[in-house]
2 protein chains.
Amino acid sequence: MASPNPLKKALKKEGLRYTQQRQSIWDEMCATDEHRDAEEIYLSLRNEGMNVSRATVYRTIDVLVKNNLVRKLELGDGRARYEHKMDSGHHDHLICVQCGKIEEFMDETIEERQDQIVDDLGFKLIRHIHQLFVICNDCQ
Amino acid sequence: MASPNPLKKALKKEGLRYTQQRQSIWDEMCATDEHRDAEEIYLSLRNEGMNVSRATVYRTIDVLVKNNLVRKLELGDGRARYEHKMDSGHHDHLICVQCGKIEEFMDETIEERQDQIVDDLGFKLIRHIHQLFVICNDCQ
DNA sequence: CTGCTATTGATAATGAGTCTCAGAAGTTAA
DNA sequence: TTAACTTCTGAGACTCATTATCAATAGCAG
């Protein structure tokens, strides 16, 4: 059977070693569907008794992002958030400017228009950021 | 005649004083349509002989952003860029991941879909970020 | 002009993220 | 399994954009 562990696969592809820390960080990131920052992930691991450093958290996240296991969200407040890409298709985000809650959305029409815009200019689309800053129901 | 100076109007509205520095910073930001960061604006002013501080540049930009005279762009590289909103309608940005060049785009369909998405959820749209990271013609 | 108060410049502080490097831990070949 | 080699890691120093502090300066109302 093929390796059921996407982390191991990614590390092998990159020629990197499989370590306790990398597994723990990946596990921790998959543990919830929240959008946490590096510090929150670091603190969760410490709370669970893992002896891991901030540097390793950042280093591992970089590997995960590069290998498409994790998405980095830049909300413009100077702290990147991360979400694992295990069980969700592509989507973008709605962020409540009041309570900070993050929801997801996906619109085929917008995706198509994006491709069209880039195509028309003869550019090549690498990635996109689309964030709707809102006031959510609870905050109105 | 009404005040032809949008800066003065904004300062009055906020109950803030009109100063040399604020006028210079606003002038400098209107001087080009480039997307410059705070440091670039600061250095331009110093080059022109203005004795202004980084702190004042940041403080003034905050006022301008809050009053809708300037838009802040977060490109996810840790340096905010700014563009004045004097002669341009709403638009979003294409950023070349290779050379950093920034172009503008605007798509009515996308704007409509955004409103629809937010409406359907019963949220209130405050602002949005839509950035297409591309490889531009020159870089292909 | 005078006095009150906002503003400024210089600089210290902050905070997310990166770098360094010696010791720890995977890996490989035998 | 061990030796030999190389990558990883943790701790803390460091970077760099931005913010906070505070004494001195300068708008502005009367």
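By convention in this document, chain letters (A, B, ...) are assigned in the order of the sequence lines, proteins followed by strands, and residues within each chain are numbered from 1.
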*Taking the side chain as C-beta and beyond, is there a heavy-atom pair between A:Arg113 and B:Phe105 under 4.5 Å?*
no

*asked:* What I'd like to find out is whether the side chain of B:Asn5 reaches to under 4.5 Å of the side chain of B:Tyr18, using heavy atoms alone.
replied: yes

*Residue whose closest nucleotide on DNA chain C lies nearer the 5' end, B:Arg59 versus A:Ala80*: B:Arg59

*Side chains of B:Asp138 and B:Gln98, donor plus acceptor under 3.5 Å*: no

*Looking only at side chains, do A:Asp92 and A:His128 share a donor and an acceptor under 3.5 Å apart?*
yes

Quick one: [X] [atom1] to [N] [atom2], roughly how many Å, whole number?
X       : N      : atom1 : atom2 : result
B:Glu40 : D:dC16 : CD    : P     : 15 Å
B:Leu11 : D:dA26 : CG    : P     : 18 Å
B:Arg54 : D:dA20 : CZ    : C1'   : 16 Å
A:Lys72 : C:dT18 : NZ    : C1'   : 11 Å
A:Leu16 : C:dG26 : CG    : C1'   : 12 Å
B:Leu73 : D:dA17 : CG    : P     : 17 Å
A:Lys12 : D:dT7  : NZ    : P     : 17 Å
B:Ile61 : D:dT18 : CD1   : P     : 8 Å

_Can you tell whether the side chains of B:Arg79 and B:Glu39 come within less than 4.0 Å, N to carboxylate O?_
no

*Indicate yes or no: does B:Arg81 engage B:Glu34 in a salt bridge with an N to O separation below 4.0 Å.*
no

*Output the residues of residues 17-30 of chain A in contact with DNA chain D, where contact means a heavy atom of the residue under 4.0 Å from an atom of the strand; sort by number or write none.*
A:Arg17, A:Thr19, A:Gln21, A:Arg22

*Look at all strands and tell whether A:Asn51 reaches a base, only sugar-phosphate, or nothing, counting heavy atoms closer than 4.0 Å.*
sugar-phosphate

*Mind grabbing the angle between the end helix axes of the helix from C:dC1-D:dG30 to C:dA30-D:dT1? Five pairs an end, 10° rounding.*
40°

_Of B:Arg79 and A:Tyr42, the one whose closest DNA chain D nucleotide lies more 5'_ = A:Tyr42

*asked:* Please compare A:Thr56 and B:Tyr82 by the position of their nearest nucleotide in DNA chain D and report the one closer to 5'.
replied: A:Thr56

*Test side chain to side chain contact (heavy atoms under 4.5 Å, CB included) applied to B:Gln116 and B:Asp120, step by step*: CA-CA 6 Å; B:Gln116 195 59 56; B:Asp120 289 350; 3.0 Å; yes

*Of all residues at least two apart in sequence or in a different chain, which pass the side-chain hydrogen bond (donor to acceptor under 3.5 Å, both in side chains) check with B:Glu48?*
none

*B:Ser53 side chain N/O closer than 4.0 Å to the phosphate oxygens (OP1, OP2) of C:dT8?*
no

*Distance check: side-chain N/O of B:Tyr58 vs OP1/OP2 of D:dT19, anything under 4.0 Å?*
no

*Could you tell me how the ring of B:His130 sits relative to the ring of A:His130: parallel (under 30°), tilted (30 to 60°) or perpendicular (over 60°)?*
parallel

